[in-house]
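So that the names make sense, note that chain A is the first sequence line, chain B the second, and so on, each numbered from 1. What you see is a predicted model, and the numbers here were worked out from it, not measured in a lab.
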There are 2 protein chains.
Amino acid sequence: MLVSPAEPPILKELGTVSSTPEKYGADFLISSPVYGLVGIQRKELSDLVASAHDDRISRELISMKELDHAIWLIEGTPQWSSEGQSMWTRTNYTRSRHLGFLFMLSFQGFLLLSTDTITESGLLLSALEKWLQKEKHKGINGRPTARGEWGQADEREWRIHFLSGLPGLGSTRAEAVLDYFGGMPLEVHGDWSEVPGVGKKTAEQIRRIFDGN
Amino acid sequence: MLVSPAEPPILKELGTVSSTPEKYGADFLISSPVYGLVGIQRKELSDLVASAHDDRISRELISMKELDHAIWLIEGTPQWSSEGQSMWTRTNYTRSRHLGFLFMLSFQGFLLLSTDTITESGLLLSALEKWLQKEKHKGINGRPTARGEWGQADEREWRIHFLSGLPGLGSTRAEAVLDYFGGMPLEVHGDWSEVPGVGKKTAEQIRRIFDGN
DNA sequence: CCCCAGTGGATCTGA
DNA sequence: TCAGATCCACTGGGG
């Protein structure tokens with residue numbers, strides 16, 4: 001991890017001090033085998049207020065575009081008066097302005113992460129570095145294994161479990177499918193819409209999984 | 001704004017109660033002239049702990065990919081012991097697991113927002129709705145909203161999710177199976193033992209699910 | 001999600 | 001060429 005010289009000492013310890021991050025408008029730079037070049041911009045809440053006014057921000061945003069992924073790490077918890085005025089600054093900074101700024105960042109494609117303290121930021125950064133080094137991320141697609149009434153699942157339970165991985169099928173409909181086809185639904189390309197509980201829409205959704213559009 | 005019926009009353013007041021958001025794996029749905037269909041998933045921190053090992057969550061995540069933009073709104077501030085254990089739950093939930101989950105979400109293309117309380121969430125949501133209604137957002141036109149494979153590829157993800165419901169198949173082998181057969185026209189009665197990573201034993205186990213003993 | 005243990009697949013070895 | 005031994009990737013269970 002490369003750290004900008006402008007960062008406080010505690011954070012400099014996380015990696016090699018270098019001015020390269022600044023070329024990308026970032027404070028930290030991590031290179032990942034999977035996600036490419038990732039830049040992190042750390043902003044304390046008080047700086048953020050300035051940024052939202054400033055036009056310096058637009059320059060930073062533009063240089064961050066060259067990164068594969070750009071992260072904004074926002075440090076500190078905002079406190080608002082009942083009228084939605086910021087409690088941590090003199091200037092006229094409101095909740096809606098703050099949120100608007102965050103929305104803008106998000107929808108521009110920046111990743112947003114937040115911490116409370118600089119210590120937390122440090123921990124987050126090293127966790128992120130470790131995470132980004134990994135060659136493989138299991139992702140979101142896994143499923144737990146079937147579990148039967150008495151621990152070990154039998155064949156039927158496996159089949160129900162398996163089928164209930166289709167969109168629109170829970171265990172009830174999966175069971176209905178199984179009963180309808182009288183066993184494993186060998187007709188994966190058949191018409192499922194006749195199965196009680198499965199309608200046209202669900203059947204269509206499932207068909208797309210098997211056959212494509 | 002459409003609000004899922006499962007949300008607490010305070011948040012239901014924000015819009016029209018409807019079950020449509022749930023179809024997209026979301027709790028709230030906002031349609032924007034600029035950004036298209038935006039879904040928001042609200043998660044209290046305590047729920048998040050449970051979610052991390054839930055089969056439902058992965059289905060929700062896949063469903064959310066049909067949205068133009070998917071937001072995760074995380075409610076609550078995590079507190080960690082000096083060893084990195086969560087202070088708000090009994091289970092063994094660690095900072096690194098929590099962060100890993102957030103990183104996964106971010107790099108999968110989900111937008112991350114956080115609040116402290118449900119009240120804050122309400123304010124954020126109405127601010128977001130207002131913000132999304134605007135036709136034009138001045139300020140920086142930064143990164144292209146590079147969505148890449150987002151929004152269309154969910155079919156493959158469904159397939160992986162589905163196949164990994166078979167015994168001996170996780171997301172890795174499920175993907176290998178898809179690649180081997182060149183898509184979903186699976187030869188359910190064919191020989192799977194040739195799939196790289198799937199051997200004789202696993203293939204036999206799977207065959208039994210399809211064909212019986 | 002992370003961590004860990006056990007299973008089973010892939011690879012290597014030697015005759 | 002193939003059985004057997006070794007290694008390592010992946011699954012599966014738990015937190």
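- Nucleotide D/dG15 holds its P atom 19 Å from the CD atom of B/E83, rounded to whole Å.
- Applying a 4.0 Å cut-off to non-hydrogen atoms, the residues of residues 121-133 of chain A that approach DNA chain C are A/K130, A/W131, listed by residue number.
- A donor-acceptor pair under 3.5 Å is formed between the side chain of B/S164 and the backbone N or O of A/N141.
- Here B/F107 pairs with A/Y35, A/H69, A/W131 under the ring-ring contact (aromatic ring centres under 6.0 Å, His included) rule; sequence neighbours left out.
- For the segment residues 164-173 of chain B, residues with any heavy atom less than 4.0 angstrom from an atom of DNA chain D are, sorted by number, B/P167, B/G168, B/L169, B/G170, B/S171, B/T172, B/R173.
- The closest side-chain heavy-atom distance from A/V49 to A/R97 is not below 4.5 Å.
- Within 4.0 Å of B/S51, counting heavy atoms only, lies no atom of the nucleic acid at all.
- Within 4.0 Å (heavy atoms only), B/P196 reaches sugar-phosphate atoms of the nucleic acid but no base atom.
- If you check the side chains of B/T91 and B/T89, you find a donor sitting under 3.5 Å from an acceptor.
- One interatomic measurement links the two molecules: CE of B/M87 to P of D/dG15, which rounds to 21 Å at whole-angstrom precision.
- Atom NZ in B/K200 sits roughly 10 Å away from atom P in D/dA3 (whole-Å rounding).
- If you measure from atom NE2 of A/H137 to atom P of D/dT11, you get 16 Å, rounded to the nearest angstrom.
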Side-chain donor-acceptor distances from residues 194-202 of chain B under 3.5 Å, at least two apart:
none

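- Residue pairs meeting the salt bridge (charged side-chain N to carboxylate O under 4.0 Å, His left out) criterion with at least one partner in residues 15-42 of chain A, sequence neighbours excluded, are A/E7-A/R42, A/R42-A/E44, A/R42-A/E75.
- Applying the salt bridge (Lys or Arg N to Asp or Glu O under 4.0 Å) rule to A/D154 yields no partners; only residues at least two apart in sequence or on another chain are considered.
- For the pair B/D54 CG and D/dG15 C1', the interatomic distance rounds to 14 Å; values are reported in whole Å.
- When all heavy atoms of B/L2 and B/P21 are compared, the closest pair comes out as O-CG, 3.7 Å.
- Sorted by first then second residue, the ring-ring contact (aromatic ring centres under 6.0 Å, His included) pairs that include residues 7-33 of chain A, not counting sequence neighbours, number zero.
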Q. Which dot-bracket string describes DNA chain D (Watson-Crick N1-N3 plus N6-O4 or O6-N4, or G-U N1-O2 and O6-N3, all under 3.5 Å; [ ] crossing; | other strand)?
A. |||||||||||||||
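- For residues 172-183 of chain A, the pairs satisfying salt bridge (charged side-chain N to carboxylate O under 4.0 Å, His left out) are A/R156-A/E175, A/R156-A/D179, with sequence neighbours left out.
- The aromatic rings of B/H98 and B/W80 lie tilted to each other, with the angle between the two planes from 30° to 60°.
- D/dC10 atom P lies 17 Å from atom CH2 of B/W192, rounded to whole Å.
- A search for salt bridge (Lys or Arg N to Asp or Glu O under 4.0 Å) contacts involving B/K43 returns nothing, not counting sequence neighbours.
- Both B/T91 and B/Q205 sit near DNA chain D, but only B/Q205 has its closest nucleotide nearer the 5' end.
- The salt bridge (charged side-chain N to carboxylate O under 4.0 Å, His left out) analysis of residues 98-122 of chain B, with sequence neighbours excluded, yields the pairs A/R95-B/E120.
- Here the C1' atom of nucleotide D/dG14 and the CD atom of B/Q85 are 13 Å apart, to the nearest Å.
- Between chain A and DNA chain C, the heavy-atom contact criterion of under 4.0 Å yields a 5' to 3' nucleotide range of C/dC1 to C/dC3.
- We find the CZ-CZ distance between A/R143 and B/F162 to be 8.0 Å, quoted to the nearest 0.5 Å.
- Between B/K201 atom NZ and D/dA9 atom C1' the separation is 17 Å, expressed in whole Å.
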